[in-house]
Amino acid sequence: MKIAIIGQSLFGQEVYKELRKEGHTIAAVFTIPDKDGKADLLATEAEKDGVPVFKFPRWRLKGKAIPEVVDQYRAVGAELNVLPFCSQFIPMEVIDCPKHGSIIYHPSLLPRHRGACAINWTLIHGDKKGGFTVFWADDGLDTGPILLQRECDVEPDDTVNTIYKRFLFPEGVKGTVEAVRLIAAGKAPRIIQPEEGATYEGVQKKDNAKIDWNQTAEALHNWIRGHDKVPGAWAEVDGQKVTFYGSTLVDNGTAVSGQPLEIPGAGRPGLVTKGGLVLFGSDGKTLLVKNLQFEDGKMIAAAQYFRSAGSAAVELNEEEKAFAEEMRLVWKSILSNVEEIVDSTDFFKSGAASMDVVRLVEEVKLRASELQLQNEDVYMATSFQDFIQMCVRKLRGEDGEEELVVDYVEKNVNNMTIRMPHQLFINGEFVDAEGGKTYKTINPTDGQPICDVSLAQVADVDRAVAAAKEAFEEGEWGKMNPRDRGRLIYRLADLMEQHQEELATIEAMDSGAVYTLALKTHVGMSIQTFRYFAGWCDKIQGTTIPINQARPNRNLTFTRREPIGVCAIVIPWNYPLMMLAWKTAACLAAGNTVVLKPAQVTPLTAVKFAELTARAGFPKGVVNILPGAGSLVGQRLSDHPDVRKLGFTGSTEIGKHIMKSCAVSNVKKVSLELGGKSPLIIFSDCDMDKAVRMGMSSVFFNKGENCIAAGRLFVEEPIHDQFLQRVLEEVKKMKIGDPLDRSTDHGPQNHKAHLDKLVEYCQIGVKEGARLLCGGKHLDRPGFFFDPAVFTDVTDSMFIAKEESFGPVMIISKFKAGDVDEVLKRANATEYGLASGVFTRDISKALYVSERLQAGTVFVNTYNKTDVAAPFGGFKQSGFGKDLGQEALNEYLKTKAVTIEY
């Protein structure tokens, strides 16, 4: 069809683009005149495509159509008018002109909320259902026949912005295009609007938006959110108009304490709390307001009400002054009508609109990626000086209610300055260990100390557990709704991503991980893990269960999935941050609090992670990090009566000890990921190139310090020699060296004791008669570098055939051609069952083998391919319980059955 689009804004632009994709001809676009030299988005898009654009200031004069305007419209010859979003009055001479008439998008379920501000009124009236209507225009005000409607639920804390972005905008664009499709097909209905239930509300203005305090909390909440952002619900406070923004309903089972704020007309004073301003409805229930705006335009966090006047200006250093001048240029480019940007220049009084806010936030991100502004921040610092002060405080980490004090160790390394906390993290603060005890963490690349780290004692464990218990039972974390919990975890993942290079550098220094691998896997997968579990927070559900009952009683039984409480997590040294993420993300998503002990030899990314949880806004006590000895800290966590769950990754020997302690102390729930001797079976019909490449990865990935590393390769006899030769060629190509060098394949082993163990392991293999083809020695250079080893002629009774090396040692054994069941028997002849693998082109054989391998994970024609959505865990003495995937949540939840007779 030949269509005229009459309207404006991003919504109009998207409808225009979609109609063109559908193959319609856009005869012309009619939109509003340029504002301050800027064309509307719809106009810009159409002009780019060469479509005629008309920018009439008005269509009517003194209630009558302007003939010249109507003539210009008629000249385009449109068959249909589409009005996706139009703020102008369009005369009936235009509405009725096209062959198919005119259709209009309206953001309510007509006949309810006719007129302007329909979204606002949907919220003000507390409608449980919202939506939009595409209707045929007539000479009434939003009274024409309905063509199409779509509805959605209105969430309790929806605002105009959230419901518009979630549904009214994306689905509205689709619905408008669908309406045109129906018209083109001759199937568009004309359903007369009923008058029953019809409402009309006009434009809300500031004078009409004053809050009437004689209402329930829910009605007050609806009034405030319905006026957020424009025109803004207000009340008189301390003799001036104060506008309220960011309202949410509050769990009324929670006792609230704060500083009273007298509000004329309110039944009782509000309370300024650290979360915001708590207000009381006439029913005694409460709501929380996040932000307040004064008559001069200044907006503050409601929690800062009594401190807003006294905040001292921050003195800028040279780097911050340079940033301020960059921002001055950005402001000038946005506020092009302003001659000079001075400290007192007000962003909005100078003509900025909501789209300019979005642009400003994005411009800041381009210039300071670590500074993640929200649109809300701009509204709260409207003058240039306030804006710069706010940005600098955020960059310094001083924007929170309480400043986080961090005693950093700074190092210039890897072309950056890294800042490492080195103390215990207990109850939201970095603190020294009891008695000031410390130890040195060592860089395995050169064997030299990185820094002193606080060494936790039993008293520190008790303090951390007490803080975690209070946070769970009394703090805001235990009362937080799951969606807000998810938002915090998402924010944490975003902060980790902002610090990704720093975290990867610390990981490389502290554990010897190759930087490129640390960036992609150690840190990259950690970020993915937190994002994955953040999405689960509001999807943890129970079930309803039909039960038998004695008549005439009627019963309802349902289950609740509840967090366990204080959880202890003890992690190993091979993937310090990733192992933290695998367990902690699920633990927090389920709603628990955590006390975590990192490996004593690799504590630094864990304490950096603690800093990021504080920066993300996690309440005090939710996350506690205790570097220290397993024999002291791990043992106390196992024994502690207030710890209700312990998750451990490490050796089978220690896992057994932990399990016993947890049983004796208070029958803690336990999940264990323990040792492994993962078999990899390579059949002669495999893709040899892939088998060699993945076989190398299965053993040497992360220097062999990999819980699922292939501890033993079974190679079918016909290809054994060829496979061995290819592997030796690849091993010779491996570059061993500084993990921060981007060309390094293989860094140092994690610590000296482990290096010595690997050397001894290889010596035992040689002594027992296995053939060592390469490596197996400490390389003659500073640091803990080990020459990767390859053994063959390994028999089933040998020590190296049965025990895990946990290092870059490839153990190869032959098996007879075609003897599938025999090699399976040999592969399963181990007390471990963490992972396994098979390479073959025969899918039937692959399925047969994978079905019979006794391991928690089986890789077929690949290896090491773990994903955050797939459960991970072992069988037999490799432990029980799962990390990752939905199943991991079960490790941190308890199920309660509730039966009601009614």
Side-chain angles (χ1 to χ4, degrees), residues 468 472 477-478 480-483 485-486 488-489 493 525-526 528-545 557-572 578-596 622-623 637-638 642-650 655 658-659 662-663 665-674 676 707-708 833-835 854-858 866-898:
F472 181 76
W477 180 258
M480 189 179 292
N481 77 61
R483 199 159 294 168
R485 189 164 70 239
L488 270 183
I489 299 174
M525 192 175 187
S526 299
Q528 292 175 27
T529 303
F530 278 103
R531 287 200 173 126
Y532 173 81
F533 282 107
W536 271 110
C537 288
D538 60 355
K539 300 171 187 68
I540 297 170
Q541 302 174 7
T543 57
T544 56
I545 304 169
T557 295
F558 62 90
T559 60
R560 288 173 51 89
R561 305 282 283 143
E562 298 179 349
I564 293 170
V566 179
C567 296
I569 292 174
V570 180
I571 57 172
M578 195 170 81
M579 292 296 98
L580 176 153
W582 280 22
K583 294 186 187 302
T584 305
C587 178
L588 294 174
N592 301 286
T593 56
V594 63
V595 180
L596 181 138
V622 174
V623 174
L637 288 171
S638 300
D642 289 332
V643 173
R644 294 295 171 184
K645 157 71 199 264
L646 193 147
F648 171 75
T649 296
I658 284 175
M659 192 173 175
C662 288
S665 59
N666 60 344
V667 197
K668 290 176 181 63
K669 185 173 183 176
V670 181
S671 55
L672 304 172
E673 194 244 285
L674 307 175
C707 51
I708 57 171
L834 189 56
Q854 297 167 9
T857 297
V858 181
T866 53
D867 186 89
V868 295
F872 179 94
F875 297 165
K876 299 189 283 189
Q877 290 197 45
S878 287
F880 52 84
K882 297 294 181 184
D883 291 327
L884 305 180
Q886 183 180 357
E887 285 191 45
L889 291 167
N890 296 331
E891 306 301 327
Y892 300 95
L893 291 166
K894 58 190 179 188
T895 301
K896 177 187 290 180
V898 180

From CA spacing to verdict: side-chain contact (heavy atoms from CB on, under 4.5 Å), C707, T649
CA-CA 9 Å; C707 51; T649 296; 5.7 Å; no
Could you tell me the separation between the CZ atom of R531 and the OG atom of S526, rounded to the nearest 0.5 Å?
12.0 Å
Between the NZ atom in K668 and the CG atom in D642, the distance rounded to the nearest 0.5 Å is 9.0 Å
When rounded to the nearest 0.5 angstrom, what is the spacing between CD1 in I708 and OG in S878?
11.5 Å
Does the side chain of P563 come within less than 4.5 Å of Y892's, by heavy atoms?
no
Are E673 and F872 close enough, and set up right, to give a side-chain contact (heavy atoms from CB on, under 4.5 Å), and what steps lead you there?
CA-CA 9 Å; E673 194 244 285; F872 179 94; 3.6 Å; yes
Does any N or O in the side chain of K669 come within less than 3.5 Å of the main-chain N or O of L893, such that one atom is a donor and the other an acceptor?
yes
State, yes or no, whether a side-chain contact exists between I569 and V595 at a heavy-atom distance under 4.5 Å.
no
Is there a side-chain contact between L596 and I571 in this structure, where contact means two heavy atoms from C-beta onward sitting under 4.5 Å apart?
yes
Checking the side chain of T857 only, and the main-chain atoms of A835 only, is there a donor and an acceptor separated by less than 3.5 Å?
no
What I'd like to find out is whether the side chain of V868 reaches to under 4.5 Å of the side chain of M525, using heavy atoms alone.
yes
So, do V898 and K896 sit near enough that their side-chain heavy atoms are less than 4.5 Å apart?
yes
Value for CZ (R483) from NZ (K539), rounded to nearest 0.5 Å, stands at 7.5 Å
Verdict with reasoning, T895 to T559, per side-chain hydrogen bond (donor to acceptor under 3.5 Å, both in side chains):
CA-CA 6 Å; T895 301; T559 60; over 6 Å; no
Test side-chain contact (heavy atoms from CB on, under 4.5 Å) on L884 and D867 and set out the steps.
CA-CA 8 Å; L884 305 180; D867 186 89; over 6 Å; no
Minimum-distance pair of heavy atoms, taken over all atoms of V670 and C662:
CG2-CB, 3.6 Å
Let me confirm one number: the CG-OG distance from N666 to S638, rounded to the nearest 0.5 Å.
10.0 Å
Does some side-chain heavy atom of R561 sit less than 4.5 Å from a side-chain heavy atom of N890?
yes
Check: V566 main-chain N/O paired with N592 side-chain donor or acceptor under 3.5 Å:
no
Between A468 and T593, the two heavy atoms sitting closest are O-OG1, 3.0 Å
Taking D883 for its side chain and K583 for its backbone only, find out whether a donor-acceptor pair lies under 3.5 Å.
no
Mind checking whether T544 and T557 have side chains closer than 4.5 Å, heavy atoms only?
no
If every non-hydrogen atom of A888 is compared with every non-hydrogen atom of F533, which pair is closest and at what distance?
CB-CZ, 3.8 Å
Sub-4.5 Å side-chain heavy-atom contact between I489 and C537:
yes
What do you reckon, are the aromatic ring centroids of F472 and W477 less than 6.0 Å apart?
no
Between M480 and L488, which heavy-atom pair has the shortest distance, and what is it?
CE-CD1, 3.8 Å
Check E887 against P871 and note the closest heavy-atom contact, atom names and distance.
OE2-CG, 3.8 Å
Nearest atoms (heavy-atom pairs only) where E891 meets S671:
OE1-CB, 3.5 Å
CA sep, side-chain torsions, deciding dist, call: T543, F558, side-chain contact (heavy atoms from CB on, under 4.5 Å):
CA-CA 6 Å; T543 57; F558 62 90; over 6 Å; no
Can you tell me how far the CD atom of E562 sits from the CD1 atom of I564, to the nearest 0.5 Å?
11.0 Å
